[in-house]
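Shown next, in structure tokens, is the structure this report addresses.
Labels below follow one simple rule: chain letters A, B, ... track the order of the sequence lines, proteins then strands, and each chain is numbered from 1.
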Amino acid sequence: MGDFFTLSVLVATAASAIRLATPYLLASLGETIGQRSGVLNLGVDGVMLLSAFFSYWTVLETGNLWLAVLVGLVTGLAVGVLYGVITVRLSATQGISGIGIFIFGLGLSDLLFRRQVGTPKPVRRLPNVDIPVLSDIPYLGEALFQRNLLTYLAFLLVPATALLLSRTTFGLNIRSVGENPQAADSLGVSVERTRFIAILMGNSMAGLAGAALVLQLGIFQPNLTQGLGFIAVALVYFGAWRPVGVMGGALLYGLVNATVLQWKALGIIPVSGSDLANMAPAVLTILALIVLARRVHAPAALTRPFTRH
Amino acid sequence: GDDAPATGSGEGGALRVAIVAPSASDDLAFSQSMVDSVNALERDVELSVTDGTFIVEDAAAAIRGYAEDGNDVVIAHGTQFGGSLMEIAPDFPDVTFVWGTASDTQGLDNVFAYAPAADEGGYVNGSIAASLSESGVIGVVGPIEAGDAVAYINGFEAGAIAGGASEVNITYTGSFGDVALAAEAAEAHLANKVDVLTGTAQMVVGAVGVAADAGVPWFGTQANQTSLAPDLVVASQVYHWEVVLEEMLTLRDSGVLGGQAFEINLANGGLVIEFNDAFELPAGVRDAADAMIEGITNGTVNTGS
Amino acid sequence: MLKAVLGALVPLLAAVVAFAFGAIMLLALGANPLDGLNAMLDGAFGSGSRIAATAVKATPLILVGAGIAIAFRTSVINIGGESQIIAGALLSTVVALTLPDLPAFILVPLVLLAGATGGALLGAIPGALKAYASVNEILSTIMLNLVMVQVMNYLLRGPLIDPFEMEAGTRIPQTQRLSDNAALPTLIDGTRLHIGVPVAILAAVAAYLILWRTPTGFRLRAVGHSPEAARAAGISVKRNVTLAMALSGSLAGTAGSILVFGSESQRMVTDGSAAGFTGSAGFNGIVAALFGGLHPLWTIPSAMLFGALLTGATQLQRVLQVPAALAVALNGIIVIFVISSTPVRGWLQRSLADSGLFRRSGNHSEAD
Amino acid sequence: MGSDENILEMRGITKVFPGVVANDNVDLDVRYGEVHTLLGENGAGKSTLVKILFGLYKADEGSILLRGQPIAVGSPSEAIASRIGMIHQHFMLVPTLTVAENVALGMTSSRRPFTDLDAVSRRVSEISEEHGLAVDPSVEVRRLAVGERQRVEIIKALYRDAELLVLDEPTAVLTPGEVDDLFVILRRMADAGRGLIFISHKLREVMSLSDRITVLRNGRVVGGTTPAQTSREELAQMMVGRTVRLTPEKPVLDDGPALLSVENLTVHGDRETVAVDDISFDVRSGEIFGIAGVSGNGQRELAEAIAGLRGVEPGSSIRLDGVDATGDDTRARRDRGLGFIPEERMRDGAIAEFTVSENLVLVDYGSDEFTSRGMLAFGAIGQHSRRLVDEFAVKTPGIDTPTSSLSGGNIQKVILARELSASPTVLLACQPTRGVDIGAAEYIHTRLIEQRSIGTATILISEDLDEVLGLADRIAVMYEGEIVAIVPAEEATRDKVGLLMAGVVDPAPQTNS
Ligand SMILES: Nc1ncnc2c1ncn2[C@@H]1O[C@H](COP(=O)(O)OP(=O)(O)OP(=O)(O)O)[C@@H](O)[C@H]1O
Ligand SMILES: Nc1ncnc2c1ncn2[C@@H]1O[C@H](COP(=O)(O)OP(=O)(O)OP(=O)(O)O)[C@@H](O)[C@H]1O
Ligand SMILES: [Mg+2]
Ligand SMILES: [Mg+2]
């Protein structure tokens with residue numbers, strides 16, 4: 001049995017937490033933007049599966065990681081167009097269309113993988129990039145500043161999203177159509193356009209999340225996400241629709257997962273208690289929310305299609 | 001129509017075989033091992049596969065469907081399908097059901113059972129791993145603690161300890177499918193001085209990638225996993241079910257439709273340690289491994305299970 | 001008149017387009033689409049026993065769907081069907097393991113009741129968390145799904161495991177074969193059609209009656225539409241939110257016990273994932289419910305449709321040797337297209353109205 | 001007074017909703033510099049007409065000329081670009097945004113892509129000062145009182161430099177003082193040459209503000225006039241098509257026993273501040289106890305505390321019919337005979353998606369009368385509903401019509417019918433005629449007086465001073481959470497109560513006036 005509280009193990013745990021948190025964070029931030037505009041997307045997992053597949057396939061065929069990231073993003077964007085048409089243009093019920101997207105993504109990514117690839121083949125993984133100076137900080141540098149670019153991007157998107165929502169005209173539009181679309185509409189803000197763009201942004205980020213997941217792993221398998229997208233949606237609620245809160249949720253989730261794995265590796269958690277330990281991230285997430293007892297209210301128009309007559 | 005024709009041979013007298021498997025048939029692991037094995041049979045076989053049936057009830061429906069469709073042999077490739085098979089097999093007395101991994105046929109005379117002595121290859125892999133490890137700490141990534149995963153991992157642990165490893169750290173991630181979790185489990189091992197890794201089930205593809213990036217040797221099981229890390233896979237214990245399938249089919253030809261249990265092992269050639277020639281083993285290690293295989297085969301080495 | 005034609009035509013067209021997509025995918029996979037359609041129809045309805053299999057497959061979807069309707073009508077989003085199914089299955093399994101010798105006419109209702117109770121308890125948790133601690137139910141139900149998988153794994157691999165599995169060392173997470181007295185009696189010999197099917201249909205009817213014919217349902221719907229107005233009228237929002245989730249969970253829990261005691265293996269077994277036991281009925285039930293317009297009665301045919309798709313898919317894979325994923329993708333497309341068709345229909349009707357074609361008739365029919 | 005030149009001409013506007021002709025060939029013109037009032041019963045089509053002007057609805061037929069040019073207003077942004085401003089009947093504000101953000105919404109920012117809230121705030125302050133519209137630009141709108149929200153709406157329009165300003169019932173939620181202030185602003189805007197369309201149900205206001213008046217009934221224009229040529233009574237008759245009694249008559253009654261006793265009631269508001277501060281009063285059988293006050297002075301919290309919707313601080317006591325009800329929930333209080341007409345009718349009073357019938361039994365659906373063997377007895381419920389719809393003259397296609405499709409006045413009648421049919425001993429009526437047309441308001445007043453005659457103790461919370469003065473036997477004035485005075489009806493005058501509402505409690509001028 002090893003010792004958890006050695007610096008190297010703690011550093012590895014932190015690094016692992018950050019890696020695990022990256023796809024959650026990207027997807028949750030995207031979902032946050034969508035939800036702030038009043039659109040719930042339960043299809044995040046499906047988007048991620050499709051983008052993960054296309055990213056993976058791109059690396060497999062071209063070996064180009066950045067092209068793969070772009071392909072992941074564009075895949076998300078493309079599904080976003082579909083989702084936008086369904087929910088915004090056609091005002092279809094968001095809950096069910098999201099689940100439709102999820103099932104579709106689950107099936108199609110599996111199908112394409114089986115047809116185009118078949119046997120899992122490893123591809124290049126995202127390389128870690130050291131940030132000058134910062135990466136030299138003892139321990140901290142290794143945990144935080146020797147990560148891959150998508151991880152950096154994910155964390156940079158936290159202030160960026162916060163800024164977008166709180167300081168830009170478009171963010172103002174997003175918030176207003178998510179709270180009171182009638183009011184926004186009466187001032188000439190196009191509810192439809194705002195929501196559509198928010199959906200595109202959100203889905204692109206879900207696309208990036210899929211790319212991050214698969215490129216951190218270097219391999220694809222059917223149902224690679226294992227429901228990750230649903231947890232990402234849950235984390236938006238956990239984070240109370242604020243980018244920083246969402247980041248807290250993603251990190252908490254990643255950290256608990258990483259710690260459980262580390263403790264299993266060290267034998268601190270016996271094999272027989274393995275199952276109970278596996279529920280720790282979920283239980284802690286619920287407990288955290290009960291303790292924090294944040295009485296924040298969802299965007300008032302969340303899931304409500306807007307029609308003017 | 002639903003009145004099933006009893007036994008019918010395929011076109012040109014081909015034997016009609018169906019496999020129902022829980023994961024993808026090209027998963028480089030458990031399911032693929034059976035598909036490869038049937039394809040390796042030296043017989044004229046018309047093969048149908050239903051894969052990805054991790055839901056037992058769906059598998060049961062597929063098994064029944066294949067029997068109804070007039071297949072000669074239906075392979076229920078998953079221990080968890082046994083409960084349903086006990087209901088289905090009696091309804092189709094002319095069909096041979098092949099069920100594994102399982103160590104007995106539960107008294108049904110049209111069911112053959114099969115199981116791998118996965119501990120044997122695990123033991124061999126473990127002992128080689130021990131000789132490659134400098135830290136003496138070896139990591140294992142497993143799915144859930146069940147089936148041949150347990151056998152392999154226990155055998156591996158015994159072999160590694162016998163080979164001089166000081167610690168074998170075992171992580172069961174709790175999932176057959178979560179590739180990311182398997183990868184992070186491998187990372188966790190690496191953080192704790194592990195310098196040789198192994199793992200079992202289809203989600204280990206994630207862990208292999210981690211091993212490959214860290215330059216840590218990997219040992220495979222179920223199927224040959226060399227393609228996952230051409231430089232770092234040392235050896236894979238490969239399941240060659242065809243050895244026992246052939247025996248079953250021969251029995252069937254002679255009118256015995258089931259009732260016997262089979263095991264693949266190193267001795268009968270059903271388990272084969274396939275070395276990766278691209279990985280250069282230190283001198284003597286390969287010889288020691290061959291000797292150990294020999295020892296297990298003739299019973300002089302005990303894998304501890 | 002035109003309206004009615006549109007009403008029927010548009011969803012039909014949507015389904016046709018969805019199947020056209022399926023046909024294209026089949027072609028891409030090198031299979032003949034007509035064979036595909038044939039295989040699916042044959043698989044779902046080809047014989048009495050296949051129709052029965054379809055009905056059996058639809059059973060958990062009916063139950064979960066009816067429960068979803070109750071929750072959603074109370075404005076509670078229950079994404080926790082998976083965990084409630086598992087809870088119901090576990091509790092009913094424990095009952096059958098503890099009291100194996102009770103006669104069937106007692107044990108069968110008892111295990112169904114245990115299922116309902118288990119599901120209700122697990123549904124009440126996120127309900128109460130929402131009502132009394134303001135924890136969003138989407139978050140808590142998703143998280144509880146993850147928790148219950150592990151509880152299931154722990155129990156099936158520890159306390160409840162088939163002793164034989166431990167002996168043999170295979171340790172498959174499954175219970176022993178449960179008492180035959182608890183097995184759901186089959187209704188038609190030679191098919192899998194068991195008593196769970198009418199039970200589910202009756203439960204859906206009961207859900208309908210509760211929602212629209214009882215004071216309880218009146219309260220639930222009032223809270224669902226306007227918690228403020230309900231409160232001002234003296235209806236306890238907290239209690240009813242909890243109640244809605246408990247009722248919703250109890251139906252899912254019943255589905256859980258039906259999955260165990262209506263199965264051929266007559267035991268609870270999993271591969272370590274929730275879907276490995278539930279077959280994702282907790283999610284598919286949401287789709288069935290929304291497809292049925294959140295009306296418990298419409299959920300019945302809606303669930304049957306998805307049951308048919310699921311059983312048809314097995315046959316499709318078996319006969320044409322195309323990956324099962326095709327059927328999954330096809331399901332997704334159908335959901336997307338049909339759900340989009342409702343607004344398309346409204347939109348078409350509106351633009352026809354705007355163009356003046358419709359207005360007169362529309363007006364008069366309303367006025368007359 | 002306006003010039004002769006029209007800023008707006010609407011010609012032959014027709015708009016049909018399923019089953020309703022909301023506007024039927026309506027003509028309207030508005031001159032530069034005039035306040036043009038639209039008058040009509042609930043559902044007459046006033047809002048529809050101005051929504052068409054603002055691009056929110058599309059007219060089925062008709063044309064619009066703005067400054068002599070035909071225009072097609074396809075959307076609010078086009079309207080705003082044409083310098084049309086609109087203040088909606090229901091506030092078009094985003095509660096979670098600040099005042100400045102609400103104002104900036106939809107405008108191009110000088111610091112694109114970022115917002116330029118500092119500049120907006122400065123301009124807002126300027127406009128506030130210029131027009132006497134005090135409001136803090138950095139405050140979130142949800143923290144503002146209703147009157148303040150109204151000011152934000154006006155600032156929004158002024159910020160966009162609207163030349164034609166539409167105000168759809170802007171005074172429905174204002175206190176008399178606030179109305180006076182508003183009218184000064186509106187008059188000044190008109191005098192500066194803008195055209196104003198004003199919609200109100202309050203004839204006193206219409207008479208004092210308007211230059212011209214157009215009356216709509218059932219979607220059609222039924223007449224046009226000016227204040228100088230008409231009277232309140234005549235206007236009422238034009239609107240409703242019959243004579244309307246504007247001042248209610250109530251019989252003199254003897255004092256009855258106290259049915260509601262409030263003692264030392266202290267209640268916290270949403271932000272943990274003291275909203276109701278140690279209030280005590282009794283309401284007797286056969287009495288209407290009016291509570292007047294500027295909105296935001298604790299009336300809402302007081303009502304919620306009496307209804308059991310809001311917790312009270314220790315030491316407070318509420319007795320219903322002599323029995324302590326302080327710890328009871330709403331259900332229990334209702335079972336003790338409390339009837340409650342909430343202030344926000346669409347939020348608290350009725351469920352829009354429910355049918356008229358369902359809303360009519362919203363509080364007693366579970367009683368023996370309406371259930372049999374655990375199930376709802378639809379026969380009895382239907383009979384009851386039809387009777388109430390008849391008795392209260394609710395205008396509805398049927399009892400199974402969704403309540404959302406009724407006009408505001410009729411929804412209020414449904415609520416009134418429900419609450420009165422339960423024969424309350426104590427009736428808590430909050431803003432019972434807000435936004436309700438005079439015909440319906442007259443009816444509601446009559447019913448409240450009838451209720452008084454049969455011994456109900458009524459608390460009437462209203463910001464409509466005419467209403468309180470006309471109905472109440474005693475008038476309590478709330479200011480900053482306290483009751484500053486309780487004035488008997490015979491001593492109450494508009495001026496006196498108005499001063500009290502403004503917080504002027506100096507007893508000397510009070511006794512003098
Ligand atoms: N969006 C809509 N859909 C259907 N009917 C509508 C809609 N808006 C208004 N109506 C109907 O059109 C008619 C006119 O409504 P409108 O709101 O213009 O009346 P109003 O004169 O403003 O009444 P109020 O005094 O109550 O504000 C009413 O019968 C109303 O029910
Ligand atoms: N006038 C009434 N209207 C409706 N229900 C009434 C009435 N009087 C008594 N009841 C009974 O009160 C019960 C509702 O109140 P109570 O709080 O006791 O029960 P509950 O089921 O918890 O409902 P709630 O959601 O209203 O809290 C119903 O069972 C109903 O039969
Ligand atoms: Mg109006
Ligand atoms: Mg009105």
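- Both the backbone and the side chain of B:V210 come within contact range of chain A, each with at least one heavy atom under 4.5 Å from a heavy atom of that chain.
- Of the listed residues (A:Q216, A:K121, A:R114, A:Q262), the one with the most heavy-atom contacts under 4.5 Å to chain B is A:R114.
- Put simply, of A:S274, A:A12, A:A265, the one with the most heavy-atom pairs under 4.5 Å next to chain B is A:A265.
- Only the side chain of A:Q221 comes within less than 4.5 Å of a heavy atom in chain B; its backbone stays farther off.
- Looking only at heavy-atom pairs under 4.5 Å with chain A, the residue among B:T173, B:D27, B:V208 that has the most is B:T173.
- In this structure, the portions of B:S25 lying under 4.5 Å from any heavy atom of chain A include both its backbone and its side chain.
- With B:Y152 as the partner, the side chain to side chain donor-acceptor pair (under 3.5 Å) test is satisfied by one option alone out of B:T200, B:T198, B:D119: B:T198.
- Of all heavy-atom pairs between B:A76 and B:F81, the closest is C-CD1, 4.0 Å.
- A donor and an acceptor atom, one from each side chain of A:Q226 and B:D178, are nowhere located under 3.5 Å apart.
- Residue contact with chain B, scored on non-hydrogen atoms closer than 4.5 Å, involves the backbone and the side chain of A:S16 alike.
- Salt bridge status for A:R115 with A:D110: absent, with no side-chain N to carboxylate O gap under 4.0 Å.
- No side-chain donor from either of B:E184 and A:N257 sits under 3.5 Å from a side-chain acceptor of the other.
- The parts of B:Q202 that come within reach of chain A are both its backbone and its side chain, each placing non-hydrogen atoms under 4.5 angstrom from that chain.
- The parts of B:L181 that come within reach of chain A are both its backbone and its side chain, each placing non-hydrogen atoms under 4.5 angstrom from that chain.
- Nearest heavy-atom pair, B:V196 versus B:I138, reported as atom, atom and distance to 0.1 Å: O-CG2, 3.4 Å.
- Residues A:Y253 and A:F238 place their aromatic rings such that the two centres sit no closer than 6.0 Å.
- Side-chain atoms of B:Y239 and B:S37, non-hydrogen and from C-beta on, never get closer than 4.5 Å to each other.
- Around CD of B:E280, the count of heavy atoms belonging to other residues, nucleotides or ligands within 6.0 Å does not exceed 12.
- Ranking B:D213, B:L28, B:L190 against chain A, the residue ahead of the rest is B:D213, based on heavy-atom pairs under 4.5 Å.
- With a 4.5 angstrom heavy-atom cutoff, A:N278 touches chain B only via side-chain atoms.
- Proximity to chain A (any heavy atom under 4.5 Å) is restricted, for B:E187, to the side chain, taken from C-beta onward.
- When heavy atoms are compared at a cutoff of 4.5 Å, A:L213 approaches chain B solely by way of its side chain, counted from C-beta outward.
- Comparing B:P230, B:G177, B:A182 by heavy-atom pairs within less than 4.5 Å of chain A, the highest count is held by B:G177.
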